[in-house]
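Letters A, B, ... mirror the listed sequences (proteins, then strands); counts begin at 1.
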Protein chains: 2
Amino acid sequence: MTKQGVDPATRTLELLWERIAAPTRGPKPTLTLDEIVGAAIEIADRDGLGDLSMRRVAEALGFTTMSLYRYLPGKEELVELMRDKAVGRPPAHRRDASWRAALQRWARADLEVHLKHPWLLEVEIRRPPFGPNHLAWLDAGLAAIEPLSLDPLVMLNTVLAVDSYVRGAARIRVGTSAEQRRSRATRQELARLYAGIFEQIVTDERYPALAKIVTAGVFDPAEKPIDEFEFGLDRVLDGVAAFVEP
Amino acid sequence: MTKQGVDPATRTLELLWERIAAPTRGPKPTLTLDEIVGAAIEIADRDGLGDLSMRRVAEALGFTTMSLYRYLPGKEELVELMRDKAVGRPPAHRRDASWRAALQRWARADLEVHLKHPWLLEVEIRRPPFGPNHLAWLDAGLAAIEPLSLDPLVMLNTVLAVDSYVRGAARIRVGTSAEQRRSRATRQELARLYAGIFEQIVTDERYPALAKIVTAGVFDPAEKPIDEFEFGLDRVLDGVAAFVEP
DNA sequence: CATGACTGTGTATACTGTACGCAGATTCGT
DNA sequence: ACGAATCTGCGTACAGTATACACAGTCATG
């Protein structure tokens, strides 16, 4: 598993699709790529991507750091494999559901994956989704709106738009829930803290429009009758609906 | 600038709003916080967040690494300051524009910021936007839809939804354009490469819905008549329109 | 003018990813 | 059956990271 002359992206592709021929000579490997990736995901889920190190992964498996490099060219490729394994398979498609219900289900599942693996959003996207699971998600999203029989290019961009929204919204949700864990405060306590900060900082002169929102008590932890994700998702789906049913 | 007992988030807040009283005794500082943050942004813009190190920032300024710690408690706070400085001020509000035109302008400017500073999307969000510039953006977004006189909570969530979409979409755009720079290939060349990979991997049995898209030539670099960002943005804005004008 | 406070620096520590070489194990060709 | 080839896992080494701490020089204030 040397780095050779191939570029990292192509190497990752080969690993994702297990294109490396298993050697016949020499001792059989004790570990598997999947075990390594799984251990790495556990660490990242628990302590974040920042605390993920080759040493920690190796220790979790009871091996030395360098042994991992027999399975992977480097950390970059490990993270890419983690990404595809972590997203897993998309929810099964229900043929009887409406396009809207199906796309909504898909979007919610997408959010859930990101809440389960918050570090997913910290990884820079370098290429289109070429991993088996990522492709399955894309396929599922397309299948959801297939009954609409849209132009293929429009189909793809519709799914991409929904996905963009979900990941953008997930980024906010993930951040706040991570901060909750870190600070060991409840949602209410944090909301109260934030409300206090807003009230201190946001003045009518500096931020007139925002000030109205703040004084209206939007950040007041007492009232919280809206699920931000669902609100936005409904708007996006409305937008799709308006496009296909003018 | 010791770390003291205060938590990092609060310390960041104090730095963002320059709440630290300048000391009277002792030599005057040679550097300013703003210079440090500016140098750091330049490095991150050029080489990415991964190549940003305290040493490189210090070297760029002609100082030693440790001197930076007289101005900042640590790297985490530096990145947070970089975030707020990088987003800058939002575009000025045009009072005569329709809410849709204003919100569209705002969203496009939001995208532009992220294309200019791609690393913005790699930073984990820990708290609501408390930086002066971030608050100004939020204020501008709210101002854009103020004529609609919506419920304050709905207003906030509408802006958040648009912002979520923009950042999600930006993440894709940023990734691909960064890969372009890295691989020193043109957009067309990369598109051709990707199309080839899709054709190899995406089979009708594994990914039936996606296969139809691929064979329809959607990834064909020859035709590219859609701006993905604008398409999705139009859907989102349509969704908002459907909500406010049923 | 001495005191106390502050700035910038040099050193030190505990990490990080990973290149390289080696010992032992396994399989192939003869 | 036996040598050669080849592969695994390990140990060492190196350059890079953030940052804690002590110290020398500098400046404003009592």
Novice: Please state how far atom CG in L72(B) lies from atom P in dG8(C), giving the value in whole angstrom units.
Specialist: 12 Å
Novice: Of all the choices, dT18(C), dG9(D), dT7(C), which nucleotide is nearest to the side chain of S67(A) once you look at every atom?
Specialist: dG9(D)
Novice: May I ask you to evaluate whether Y69(B) reaches the phosphate of dT7(C), defined as a side-chain N or O under 4.0 Å from OP1 or OP2?
Specialist: no
Novice: Between the axis at one end of the helix from dC1(C)-dG30(D) to dT30(C)-dA1(D) and the axis at the other (five pairs apiece), what's the angle to 10 degrees?
Specialist: 10°
Novice: Got a sec? Which of residues 45-64 of chain A come in under 4.0 Å of DNA chain D, heavy atoms?
Specialist: F63(A), T64(A)
Novice: Check step by step if salt bridge (Lys or Arg N to Asp or Glu O under 4.0 Å) holds for E179(A) and R187(A).
Specialist: CA-CA 10 Å; E179(A) 180 68 10; R187(A) 192 181 184 75; over 6 Å; no
Novice: Answer with base, sugar-phosphate or nothing: what part of the nucleic acid does T30(A) contact at a heavy-atom distance below 4.0 Å?
Specialist: sugar-phosphate
Novice: Taking only residues two or more places apart in sequence, or in another chain, which ones meet E228(A) in a salt bridge (Lys or Arg N to Asp or Glu O under 4.0 Å)?
Specialist: K224(A)
Novice: Round to the nearest Å and state the distance from Y71(B) atom OH to dT19(D) atom C1'.
Specialist: 18 Å
Novice: Ignoring hydrogens and angles, write down the donor-acceptor pairs under 3.5 Å from the side chains of residues 52-60 of chain A, residues two or more places apart or on other chains.
Specialist:
residue	atom	partner	partner atom	Å
S53(A)	OG	R56(A)	N	3.1
R56(A)	NH1	D47(A)	OD2	3.0
R56(A)	NH2	D47(A)	OD2	3.1

Novice: Closest to the K75(A) side chain: dG17(C), dT8(D), dG8(C)?
Specialist: dG17(C)
Novice: Can you tell me how far P of dT18(C) sits from CD of E76(A), to the nearest Å?
Specialist: 8 Å
Novice: Considering non-hydrogen atoms only, spot the tightest contact between R89(A) and W137(A) and give its length.
Specialist: C-NE1, 3.8 Å
Novice: Provide, to the nearest angstrom, the distance between the CE atom belonging to M66(B) and the P atom belonging to dA24(D).
Specialist: 17 Å
Novice: Name all pairs fulfilling the salt bridge (Lys or Arg N to Asp or Glu O under 4.0 Å) condition that reach into residues 16-38 of chain A, sequence neighbours left out, sorted by first residue then second.
Specialist: D34(A)-K85(A)
Novice: Look at the aromatic rings of F130(B) and F198(A) and report parallel, tilted or perpendicular, splitting at 30° and 60°.
Specialist: perpendicular
Novice: To the nearest Å, give me how far apart CD1 (I20(A)) and P (dC7(D)) are.
Specialist: 14 Å
Novice: Taking the basic N atoms (NZ, or NE/NH1/NH2) and the acidic carboxylate oxygens, is any pair closer than 4.0 Å for E189(B) and R192(B)?
Specialist: no
Novice: Generate the contact string for nucleotides 22-30 of chain C. Rules: B means base contact, S means sugar-phosphate contact only, - means no protein heavy atom under 4.0 Å.
Specialist: --BBBBS--
Novice: Please report, rounded to the nearest Å, how far the C1' atom of dG17(C) is from the CD atom of E77(A).
Specialist: 12 Å
Novice: Checking the side chain of N133(A) only, and the main-chain atoms of V87(A) only, is there a donor and an acceptor separated by less than 3.5 Å?
Specialist: no
Novice: R171(A) and L120(B): which non-hydrogen atoms are nearest, and at how many Å?
Specialist: NH2-O, 3.2 Å
Novice: Considering non-hydrogen atoms only, spot the tightest contact between I201(B) and W17(A) and give its length.
Specialist: CG2-CZ2, 3.1 Å
Novice: Do side-chain atoms of Y165(B) reach the backbone of D163(A) as a donor and acceptor pair under 3.5 angstrom?
Specialist: no
